[in-house]
Each structure stands twice: as structure tokens, then as C-alpha cells.
Amino acid sequence: MTQQSILEQDGRAVPYIVEGEGPVSLVLISGRELNGDGLGVVAHYLAEEAGFHVVRIGPRADSSGQDRATTLHDRVEDAALVIDHLGLDHTWIGGHALGGTAARIFAAQHTDRVNGLLLLGVEEDEIALAPAIPVLIVQATDDQVTPSATAEALRSTAPERASIKTVDGADHLFPATHPIETAVIIEEYLDWD
């Protein structure tokens with residue numbers, strides 16, 4: 001089992017997990033607590049099979065270990081805090097649904113530190129894509145929560161650098177229900193970077 005760490009700084013307790021030591025770095029911002037975020041198998045595959053350095057960052061917890069309600073701004077600040085703590089100068093950043101929305105904000109605010117943006121199921125939001133970085137959108141064909149039309153609309157804002165790859169027959173929970181297919185798509189795309 002992968003060991004979870006807690007970064008305690010400035011009154012925050014931010015959980016994170018680090019796997020792998022490879023040359024490709026990927027930070028995934030989770031939309032829920034790390035042991036139930038559905039990204040564990042994807043991250044483990046990318047670390048063990050693809051040789052990536054993968055960091056998953058969860059939501060802040062209170063003293064009893066329960067998730068503490070946070071804003072998107074808090075999630076972005078927490079990601080920056082963990083990334084700084086780990087000494088990552090440049091990384092791909094991404095997440096699933098809400099985590100991807102936080103990653104979009106992080107990329108827009110820290111373009112100089114981001115190699116690319118990974119979005120797993122795109123939420124409908126007015127957040128513009130950060131300029132000049134590649135964007136991989138992974139979308140499930142049967143996702144009713146974050147439908148394909150939302151991903152297509154986002155891609156159309158930067159068609160020269162945004163790509164959509166699909167997981168056939170999957171719904172919104174595709175990172176958990178189709179983790180290997182999801183991980184292989186990510187591996188094949190990020191490997192060229």
C-alpha cells in the first residue's frame with residue numbers, strides 16, 4: 001500500500017501521496033479524500049509500469065481526519081504548497097472533474113511551472129486554458145456528469161494544443177472503473193513530452 005503523508009504548514013493539513021521517481025512528473029489534484037478518489041490505480045500504474053513520478057494531493061483534513069470544506073482557491077494554494085515542499089520546478093498537473101478544474105486554475109496561475117494540463121472529465125466552467133501549454137483531455141463516452149460536449153467546447157478554445165482521448169463504454173467514474181485504459185492513454189500522451 002502506498003503511504004500517505006500530511007504536509008502541515010500555515011495551519012493547513014494537506015494529505016498527499018508520492019509514487020515513482022521517473023523523469024516525467026504528474027501532480028493529480030483529487031476531488032475527494034485520497035483513499036476514495038478513484039485515481040490510486042491510475043497513479044500506481046503510471047509510477048510502476050510507465051516510470052512516472054506521480055503526486056496525488058487530497059483535500060485538507062481537520063484534526064479528526066475528516067475532509068474539511070475548501071474552495072477551489074484553497075485547493076490551488078494547497079497544490080502549490082505541496083509542489084514547493086517536494087521541490088518540483090516543472091510538472092504536468094491534472095485531476096478528475098473538480099480536481100481538474102483546480103488544475104486548470106493552477107496552470108493559469110503558475111504557467112511557468114506547468115509542462116502540461118491533464119483533465120479527466122471536464123467540468124463546465126468559464127476558466128480559460130493557460131496559454132502555450134499542451135492539454136490532454138480524457139473523456140468517457142457515457143459520462144453524463146461531465147459530458148463529451150463540454151470537453152469538445154474546451155478543446156475548441158485551443159485546438160492547436162488540446163487533444164481529446166476517449167475511454168469507450170465508461171461513465172463519469174472512469175478513472176476508477178477503467179483505470180488501466182485511462183493510465184495507458186495518459187502514458188502514451190505524456191511519454192512524448
Does [X] share a hydrophobic cluster with [Y], counting links as ILVMFWY side-chain heavy atoms below 4.5 Å and allowing steps through other members?
| X | Y | answer |
| --- | --- | --- |
| Val114 | Ile127 | yes |
| Val24 | Ile180 | yes |
| Leu26 | Val167 | yes |

Show which side-chain atoms of residues 130-141 pair as donor or acceptor with protein atoms under 3.5 Å away, not counting sequence neighbours.
residue, atom, partner, partner atom, Å
Gln139, NE2, Thr146, O, 2.4
Thr141, OG1, Gly169, N, 2.8

Can you tell me if [X] uses its side chain to pair, donor with acceptor, with the backbone of [Y] under 3.5 Å?
| X | Y | answer |
| --- | --- | --- |
| Asp78 | Arg75 | no |
| Arg56 | Leu34 | yes |
| Asp171 | Leu173 | yes |
| Arg113 | Leu88 | yes |
| Thr91 | Ile93 | no |
| Arg60 | Pro15 | no |

Answer yes or no: are there more than 12 heavy-atom neighbours, outside [X] itself, under 6.0 Å from its atom [atom1]?
| X | atom1 | value |
| --- | --- | --- |
| Glu160 | CD | yes |
| His73 | NE2 | no |
| Glu124 | CD | no |

Applying ring pair (Phe, Tyr, Trp, His ring centres under 6.0 Å), which residue pairs with at least one partner in [range] are found, sequence neighbours left out?
| range | result |
| --- | --- |
| residues 102-161 | Phe106-His110 |
| residues 129-178 | His96-His172, His96-Phe174 |
| residues 123-144 | none |

How long is the straight-line distance from [atom2] of [Y] back to [atom1] of [X], given to the nearest 0.5 Å?
| X | Y | atom1 | atom2 | result |
| --- | --- | --- | --- | --- |
| Leu7 | Asp10 | CG | CG | 9.0 Å |
| Ile57 | Ser5 | CD1 | OG | 11.5 Å |
| Asp74 | Leu81 | CG | CG | 11.5 Å |

Inset, instruction - Could you tell me which residues satisfy ring pair (Phe, Tyr, Trp, His ring centres under 6.0 Å) with Phe52, sequence neighbours excluded, listed by chain and number? - result: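 If we apply the ring pair (Phe, Tyr, Trp, His ring centres under 6.0 Å) test to Phe52, skipping adjacent residues, there are no hits.
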Inset, instruction - Taking the side chain as every heavy atom from C-beta outward, state whether Tyr16 and Leu86 have any atom pair closer than 4.5 Å. - result: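 SC-SC contact between Tyr16 and Leu86 confirmed.
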Legend entry - Arg104 with Glu123: basic N within carboxylate O range, under 4.0 Å: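 Salt bridge absent between Arg104 and Glu123.
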Inset, instruction - List the atom of Pro23, the atom of Gly51, and the distance in Å for their closest heavy-atom pair. - result: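 Heavy atoms only, the tightest pair is CD-O, 3.7 Å.
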Inset, instruction - List for me each residue that meets salt bridge (charged side-chain N to carboxylate O under 4.0 Å, His left out) alongside Glu49, sequence neighbours excluded, and say none if there are none. - result: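 None.
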